[in-house]
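For reference, the structure discussed in these notes is given below.
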Amino acid sequence: MSSRGIYYLIRTLVALVAIPFHEAGHALAAWLLGDPTAKQEGRLSLNPFKHFDLLGTLCMVFAGVGWAKPVSTDRATSKTEAGHGAHRAGGPVANLILAYLAMVVWKLLYYWAPITELTIFAARFLQYLVMMDVSLAVFNLIPVPPLDGSRVLLAVLPERIYFGMMKYERVILIVMLAVVWGGFLDGPLTVLNNAVWDLLDLGTGYIDQIALSAYYASIGTVI
């Protein structure tokens, strides 16, 4: 398989993991906050077919930004009004947790796994998994409907205006995707993605320290 083919294979496999985590994170958060709607619809699952929108997934793999089937919620069954909106944080949080775990395993492979075709493929998969999870979390926290961060607008806008905007969420989403695909947000998104990546790198720095200590111990040097 060509290097280009391997690249898209890895991106596809990463999407099969990252997108279900994001959507299941929404479903889990809603369930914990008292809304069982998504759980009852089978969305509290890591099965990709429970969440995927075909066009959205293809866009994610080939264009870098896409979407999945929205997770249903019911305001009437939430414990609180705040809880009804707070489930939106579950998706980005799930992606950040997965990114952290992927970076841990990636560093373990980098420092201690033998170099084979399989470990090189696994390392690339984990690298792209971290990148896609970080991108999903950052992008979805933009405070624009229908993205997860849009609930922030409720703190500054009257509900009438906010829910009026939500009526046009599909149009707004299309505009947002066009803006991203056009590269107009490349600068800000790159800065934010790099900042989150640096935080994850810092949070897994203990692995670097252990590896460095092991290296110096192997050559008889104390640090």
Side-chain angles (χ1 to χ4, degrees), residues 1-25 28 44-68 90-140 180-181 186 189-223:
M1 184 180 293
S2 67
S3 59
R4 197 68 174 171
I6 293 174
Y7 169 76
Y8 283 115
L9 172 61
I10 291 175
R11 285 187 64 88
T12 301
L13 294 175
V14 165
L16 287 171
V17 177
I19 293 177
F21 252 82
H22 182 92
E23 300 303 326
L28 177 61
L44 189 53
S45 168
L46 295 179
N47 179 355
F49 297 104
K50 296 286 187 180
H51 307 286
F52 277 180
D53 176 282
L54 179 58
L55 179 58
T57 302
L58 290 174
C59 288
M60 178 67 73
V61 172
F62 294 102
V65 180
W67 60 91
V93 169
N95 284 130
L96 291 175
I97 291 172
L98 182 58
Y100 176 83
L101 295 175
M103 184 171 281
V104 167
V105 179
W106 181 30
K107 287 190 174 185
L108 292 175
L109 278 179
Y110 177 80
Y111 287 119
W112 288 290
I115 299 177
T116 66
E117 289 187 3
L118 180 59
T119 56
I120 291 173
F121 183 88
R124 289 186 65 186
F125 168 81
L126 291 165
Q127 179 186 21
Y128 282 116
L129 183 58
V130 176
M131 292 170 62
M132 185 173 287
D133 277 306
V134 169
S135 295
L136 277 171
V138 169
F139 179 72
N140 276 281
V180 173
W181 289 334
D186 283 358
L189 289 177
T190 297
V191 170
L192 291 172
N193 287 342
N194 288 343
V196 175
W197 181 284
D198 289 343
L199 288 174
L200 292 172
D201 187 37
L202 184 63
T204 55
Y206 59 90
I207 299 176
D208 303 314
Q209 186 61 41
I210 291 171
L212 186 62
S213 298
Y215 168 74
Y216 280 115
S218 70
I219 61 174
T221 304
V222 178
I223 59 172

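Side-chain atoms are counted along with the backbone in the values below, which use heavy atoms only and exclude waters and symmetry mates.
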inquiry  = I'd like to know if the side chain of Asn140 and the backbone of Gly91 have a donor-acceptor N/O pair within less than 3.5 Å.
reply    = no
key: Heavy-atom closest contact (Pro92 atom, Ala137 atom, distance)   = O-CB, 3.8 Å
key: Nearest-0.5 Å distance, CD1 of residue Ile207 to CG of residue Leu108   = 4.5 Å
query = Can you find a pair of side-chain heavy atoms, one from Ile97 and one from Asp133, that are under 4.5 Å apart?
reply = no
inquiry  = Nearest 0.5 angstrom please: Phe49 CZ to Leu54 CG, how far?
reply    = 10.5 Å
key: Minimum heavy-atom distance Asp186-Val180, with the two atoms named   = OD1-O, 4.2 Å
query = Aromatic ring centroids of Trp106 and Trp112 under 6.0 Å?
reply = no
message = For a 4.5 angstrom cut-off between non-hydrogen side-chain atoms, does Arg124 reach Tyr128?
response = yes
key: Pairwise distance CG(Asp53) to CH2(Trp67) - rounded to 0.5 angstrom   = 6.5 Å
request  = State, to 0.1 Å, how close Ala68 and Glu23 come at their nearest heavy-atom pair, and which atoms those are.
outcome  = CB-OE2, 3.5 Å
query = Which distance, rounded to the nearest 0.5 Å, do you find between the CH2 of Trp197 and the CG of Leu202?
reply = 14.0 Å
Nearest-0.5 Å distance, CG of residue Leu13 to CG of residue Leu9 = 4.5 Å
task = Write down the atom of Thr116, the atom of Thr119, and the distance for their closest heavy-atom approach.
result = N-OG1, 2.9 Å
query = Would you find a donor on one side and an acceptor on the other, under 3.5 Å apart, between the side chain of Thr57 and the backbone of Phe52?
reply = no
Identified side-chain contact (heavy atoms from CB on, under 4.5 Å) partner of Met132 from the options Val130, Leu136, Leu129, Val134 = Leu136
Pair Tyr206-Val104, side-chain contact (heavy atoms from CB on, under 4.5 Å): steps then yes or no = CA-CA 10 Å; Tyr206 59 90; Val104 167; 3.8 Å; yes
request  = Quick one: sort the Tyr8 and Phe62 rings into parallel, tilted or perpendicular, breaks at 30° and 60°.
outcome  = tilted
inquiry  = Looking only at side-chain N and O atoms, does Thr204 offer a donor or acceptor that is under 3.5 Å from a partner on Lys107?
reply    = yes
note = d(His51 NE2, Phe21 CZ) to nearest 0.5 Å is 10.5 Å
request  = Report yes if some heavy atom in the side chain of Ile6 is under 4.5 Å from a heavy atom in the side chain of Phe121; otherwise report no.
outcome  = yes
task = Report, as yes or no, whether the 6.0 Å neighbourhood of atom CG on Leu55 holds more than 12 heavy atoms from other residues, nucleotides or ligands.
result = yes
query = Any idea which heavy atoms bring Pro20 and Pro48 closest together, and the distance?
reply = CG-CA, 3.7 Å
key: Beyond-backbone contact of Leu98 with His22, side-chain heavy atoms, under 4.5 angstrom   = no
query = Looking at side-chain heavy atoms only, is the closest gap between Ile210 and Tyr111 below 4.5 Å?
reply = no
query = Which atom names give the shortest non-hydrogen contact between Ser45 and Ala24, and what distance separates them?
reply = O-CB, 3.4 Å
Criterion side-chain contact (heavy atoms from CB on, under 4.5 Å) against Val138, the qualifying member of Val191, Asn193, Asn95, Leu96 = Asn193
